[in-house]
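Worksheet for the structure shown next.
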Number of protein chains: 4
Amino acid sequence: MRQKSGDKHTAILQAAVKVFADQGFAEAKVARIARVAGVATGSVYNYFDSKEALLHSIFQNMWSHILDALSQLAEQQDVPSTQRLERMVDAVFARFSDDTNLARVFVNEQSFWMHRWEGDLADHFRTFMDLLGRTLEDAGLCKGMDGSIQRYLVFGAVRQLIHQWADPACPFTKEEARTQILHMLRCMTSKE
Amino acid sequence: MRQKSGDKHTAILQAAVKVFADQGFAEAKVARIARVAGVATGSVYNYFDSKEALLHSIFQNMWSHILDALSQLAEQQDVPSTQRLERMVDAVFARFSDDTNLARVFVNEQSFWMHRWEGDLADHFRTFMDLLGRTLEDAGLCKGMDGSIQRYLVFGAVRQLIHQWADPACPFTKEEARTQILHMLRCMTSKE
Amino acid sequence: MRQKSGDKHTAILQAAVKVFADQGFAEAKVARIARVAGVATGSVYNYFDSKEALLHSIFQNMWSHILDALSQLAEQQDVPSTQRLERMVDAVFARFSDDTNLARVFVNEQSFWMHRWEGDLADHFRTFMDLLGRTLEDAGLCKGMDGSIQRYLVFGAVRQLIHQWADPACPFTKEEARTQILHMLRCMTSKE
Amino acid sequence: MRQKSGDKHTAILQAAVKVFADQGFAEAKVARIARVAGVATGSVYNYFDSKEALLHSIFQNMWSHILDALSQLAEQQDVPSTQRLERMVDAVFARFSDDTNLARVFVNEQSFWMHRWEGDLADHFRTFMDLLGRTLEDAGLCKGMDGSIQRYLVFGAVRQLIHQWADPACPFTKEEARTQILHMLRCMTSKE
DNA sequence: AATGAATGAGAATTCATTCAT
DNA sequence: AATGAATGAATTCTCATTCAT
């Protein structure tokens with residue numbers, strides 16, 4: 001079953017997400033990605049420069065989706081800041097609940113490679129964290145809390161839930177996860 | 001150039017932590033670990049069965065240290081539960097602030113390999129999470145909060161701080177990190 | 001320097017026979033087989049799973065050629081049994097006189113690996129020996145001779161001649177070897 | 001259980017025969033030979049120059065035993081030549097029936113290494129074959145038979161029986177083997 | 001653009017041998 | 001002589017990448 005031409009770029013990307021999720025980047029074979037995508041091994045290199053470029057592209061897509069969604073939220077200045085925070089979490093969750101494999105790639109590979117590449121990926125991440133920090137502060141952190149650090153706590157907490165939730169054996173639903181995150185955020189932002 | 005058997009086992013283990021931290025497990029070369037440890041390449045295999053076994057051993061050590069410390073805490077039933085929670089965080093932080101490289105290996109490799117191996121490592125982690133969950137519940141979570149999920153939030157938050165803090169460019173100190181974590185925990189466990 | 005796919009499979013197989021013959025299996029380097037075959041080292045593994053698989057394949061080919069030839073002979077029920085026996089010897093000789101290297105691999109490696117693998121190779125050998133035993137009995141062994149043991153004597157005798165004859169310094173010709181074998185067989189099967 | 005000093009040489013040799021028989025020379029590990037011999041790995045090198053030297057020594061011993069026995073037989077000019085031939089076979093059989101492992105090493109490794117070394121081992125073999133050839137001719141080969149070739153047939157036949165007989169699953173006894181060999185020799189040497 | 005056979009650099013691992021004790 | 005930990009050269013096999021078709 002050959003893909004419609006023009007779809008190959010996407011087919012390869014999706015296959016890569018799946019294979020990277022299953023075996024990890026290091027163990028993933030380009031030949032397998034090609035097979036999963038339904039194209040020839042060599043074709044992968046018509047669309048991407050290298051195996052690493054494939055991963056890079058996955059993260060680029062991921063971040064641009066997320067940051068697009070978040071920048072839309074940021075414009076909604078009429079929405080109360082507490083609700084903006086909740087919607088932000090929802091947006092992040094939405095991205096990964098669509099695609100469990102992407103979630104697994106994200107939790108396993110992102111931080112290592114972001115560190116190695118030091119480029120636009122790190123920029124995206126910083127943008128994201130700044131936005132998260134600002135939103136937290138808008139929502140009003142409890143007394144003594146420092147937004148520049150709490151942003152990492154919140155990010156880490158959400159990241160871990162995504163991690164758990166991407167595991168097929170995860171005992172709780174996405175909805176429960178979301179509820180608990182919102183509980184935590186409310187605790188942290190309820191005035192003193 | 002024969003070398004007398006000063007503790008090669010330990011030297012190799014430490015070298016491995018450093019090299020895994022710097023390059024990631026997949027990119028790390030056994031030959032480099034050996035060079036860093038100051039031994040011949042082949043000597044690594046006198047002490048460890050394989051590169052993977054080396055990583056496994058690192059995690060085993062890490063968990064047994066942490067769980068030892070925590071089980072001591074668990075016995076201090078006279079300590080108020082809120083304080084036990086704080087000491088637990090301190091114990092975890094202590095382990096990684098001794099050894100930034102270990103922290104980097106932990107955040108980059110642990111969850112992937114725990115998943116792959118499915119063995120004692122996963123058991124250690126479950127034990128740890130159970131302890132964390134119980135301690136959280138003892139400390140009294142806010143209304144609506146579910147200890148079986150909140151434990152992951154807390155773990156993720158702490159993990160992320162360790163991650164940040166292991167980065168040489170991290171803008172905050174370990175003490176600040178600790179303070180912020182404790183703030184968060186207090187928020188989450190203050191009776192409404 | 002890419003090379004067009006003239007029969008690489010065969011080229012590698014022949015190179016392997018030559019290198020195994022010259023150095024013995026254990027000393028033979030895959031890199032050298034590849035060089036002799038005129039392909040890249042890695043190409044060997046496009047056609048064979050391992051160095052051992054290469055040897056296995058050599059023996060498979062050898063036995064299937066021999067057994068094919070023999071099963072054709074077996075059908076010639078009109079031919080007197082004594083002559084069938086002689087033709088059998090001729091068929092075996094033919095296989096190895098075509099290819100001295102194969103003869104050397106056969107005498108040096110076959111029995112060791114047949115023992116180790118315990119699979120189809122041993123089956124081929126048993127089939128061969130059964131055929132030889134039956135043909136000997138048809139031809140009428142001398143009084144007191146037991147076909148189930150004499151088959152090994154005959155096989156060993158022929159094998160040794162092949163061995164000697166594969167040596168470049170061998171003082172006798174293939175024709176002389178054949179004559180002497182037939183003499184021996186006639187002695188053993190002449191009714192007294 | 002440490003060996004009595006002075007016995008180590010022999011213990012190592014015997015262990016080597018066993019290990020070479022079990023795994024083949026190439027697969028045999030010096031460390032294992034040492035363990036089987038009950039000595040330290042390094043001790044092997046106090047008695048033998050190398051793993052190859054160990055094998056060489058095994059074959060030296062083997063041939064000197066055999067040739068000693070045969071040269072004694074050769075002196076018994078009063079014994080009829082036919083009987084001398086039979087006794088010769090008995091002497092060879094005796095050597096290997098004492099030590100099945102030696103038999104396996106002999107059939108698997110001897111000819112390959114004799115070829116490689118081209119030294120005294122080949123001389124021993126030639127001496128042996130000359131003796132065998134002469135004895136065959138003394139016993140009176142059938143018309144048309146050429147002793148210079150028939151010696152190889154006889155040698156190959158005996159070698160193969162030894163081979164079969166060294167296999168634990170061998171279906172016939174040493175006595176049966178001997179009987180059948182003698183039958184064959186009688187056929188070949190009975191005046192036309 | 002598409003293909004997939006061919007390439008060859010690279011790495012983990014083994015193990016005969018050495019040598020400090 | 002005896003030991004066995006240490007050595008490092010050597011080899012199999014892998015796989016990202018290329019390129020002739």
Side-chain angles (χ1 to χ4, degrees), chain A residues 2-3 5-6 8-9 26-35 38-54, chain B residues 1-6 8-9 12 26-35 37-54, chain C residues 1-6 8-9 12 26-35 37-54, chain D residues 2-3 5-6 8-9 26-35 38-54:
Chain A
R2 193 69 59 90
Q3 299 280 335
S5 187
K8 286 209 169 114
H9 183 92
E27 284 289 293
K29 319 295 180 217
V30 174
R32 168 176 261 267
I33 293 173
R35 198 165 55 252
V39 303
T41 304
S43 296
V44 172
Y45 290 87
N46 288 332
Y47 294 89
F48 301 92
D49 283 344
S50 66
K51 191 178 145 185
E52 255 187 58
L54 208 36
Chain B
M1 176 188 30
R2 204 59 59 100
Q3 119 167 19
K4 45 177 73 80
S5 180
K8 287 221 169 88
H9 184 92
I12 292 168
E27 282 291 295
K29 319 294 178 218
V30 174
R32 168 175 264 268
I33 294 174
R35 199 164 53 253
V39 303
T41 304
S43 295
V44 172
Y45 292 88
N46 289 338
Y47 294 91
F48 301 92
D49 284 344
S50 65
K51 194 177 140 185
E52 252 188 63
L54 208 34
Chain C
M1 176 186 33
R2 203 58 59 100
Q3 119 165 22
K4 44 177 75 81
S5 181
K8 287 221 169 89
H9 184 92
I12 292 168
E27 283 291 296
K29 320 293 180 219
V30 174
R32 169 175 263 268
I33 293 172
R35 199 164 54 253
V39 303
T41 304
S43 295
V44 172
Y45 292 89
N46 289 338
Y47 294 90
F48 301 92
D49 284 343
S50 65
K51 193 178 139 182
E52 253 187 62
L54 207 35
Chain D
R2 193 68 61 87
Q3 299 280 335
S5 187
K8 286 208 168 116
H9 184 92
E27 284 289 292
K29 319 297 179 216
V30 174
R32 169 175 260 267
I33 293 172
R35 198 166 54 254
V39 303
T41 305
S43 296
V44 172
Y45 290 87
N46 289 332
Y47 294 89
F48 301 92
D49 284 343
S50 66
K51 191 177 145 183
E52 255 187 59
L54 209 35

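Each chain gets a letter, A, B and so on, in the order its sequence line appears, and its residues count up from 1. Please read these numbers as outputs of a predicted model, since none were measured by experiment.
Rounded to whole Å, atom C1' of dA2(E) lies 18 Å from atom CD1 of Ile33(A). Taking atom CG on Asp49(C) and atom P on dT14(F), their separation rounds to 8 Å, with Å as the unit. Atom CG of Leu54(D) is separated from atom C1' of dT17(E) by 13 Å (rounded to the nearest Å). The distance between atom CZ of Arg35(A) and atom C1' of dA2(E), rounded to the nearest whole Å, is 18 Å. Computed from coordinates, the Phe48(C) CZ to dA6(E) C1' distance equals 15 Å when rounded to whole Å. Distance Arg32(B) CZ to dG8(F) P: 18 Å, rounded to the nearest Å. Atom CD1 of Ile12(B) is separated from atom P of dT13(E) by 14 Å (rounded to the nearest Å). Between Lys8(B) atom NZ and dG4(F) atom C1' there is a gap of 12 Å when expressed in whole angstrom units.
Among the nucleotides dT3(F), dT3(E), dA12(E), the one closest to any side-chain atom of Val30(B) is dA12(E). The side chain of Thr41(D) lies closest to dG4(F) when the candidates are dG4(F), dG8(E), dT12(F). Ranking dT14(E), dA5(F), dA16(F) by closeness to the Tyr45(B) side chain, first place goes to dT14(E). Considering only side-chain atoms of Lys51(C), the nucleotide from dA16(E), dA12(E), dC13(F) that sits closest is dC13(F).
Every residue meeting the side-chain contact (heavy atoms from CB on, under 4.5 Å) condition with Tyr45(C), not counting sequence neighbours, appears here in chain and number order: Val30(C). For Ala34(D), the side-chain contact (heavy atoms from CB on, under 4.5 Å) criterion is met by Val39(D), Thr41(D), Val44(D), not counting sequence neighbours. Residues that satisfy the side-chain hydrogen bond (donor to acceptor under 3.5 Å, both in side chains) test with Glu27(B), not counting sequence neighbours, are absent from this structure. Every residue meeting the side-chain contact (heavy atoms from CB on, under 4.5 Å) condition with Ala53(B), not counting sequence neighbours, appears here in chain and number order: Asp49(B), Ser50(B).
Counting only Watson-Crick or G-U wobble pairs whose defining distances are both under 3.5 Å, the stems of 3 or more consecutive pairs in DNA chain E are E:2-21 with F:2-21.
Comparing Asn46(C) and Ala28(C), the nucleotide of DNA chain F nearest to each residue sits closer to the 5' end for Ala28(C). Residue whose closest nucleotide on DNA chain E sits further toward the 5' end, between Val44(C) and Ser43(B): Val44(C). Residue Gly42(B) is the one, among Gly42(B) and Gly42(C), whose nearest nucleotide of DNA chain F lies closer to the 5' end (criterion: closest heavy atom).
Between Ile12(C) and Ser43(C), the shortest heavy-atom contact is CD1-O, 4.1 Å.
Look at Ser50(D) and you won't find any side-chain N or O under 4.0 angstrom from OP1 or OP2 of dA16(E). Taking 4.0 angstrom as the limit, Lys29(D) places none of its side-chain polar atoms (N or O) nearer than this to OP1 or OP2 of dT14(E).
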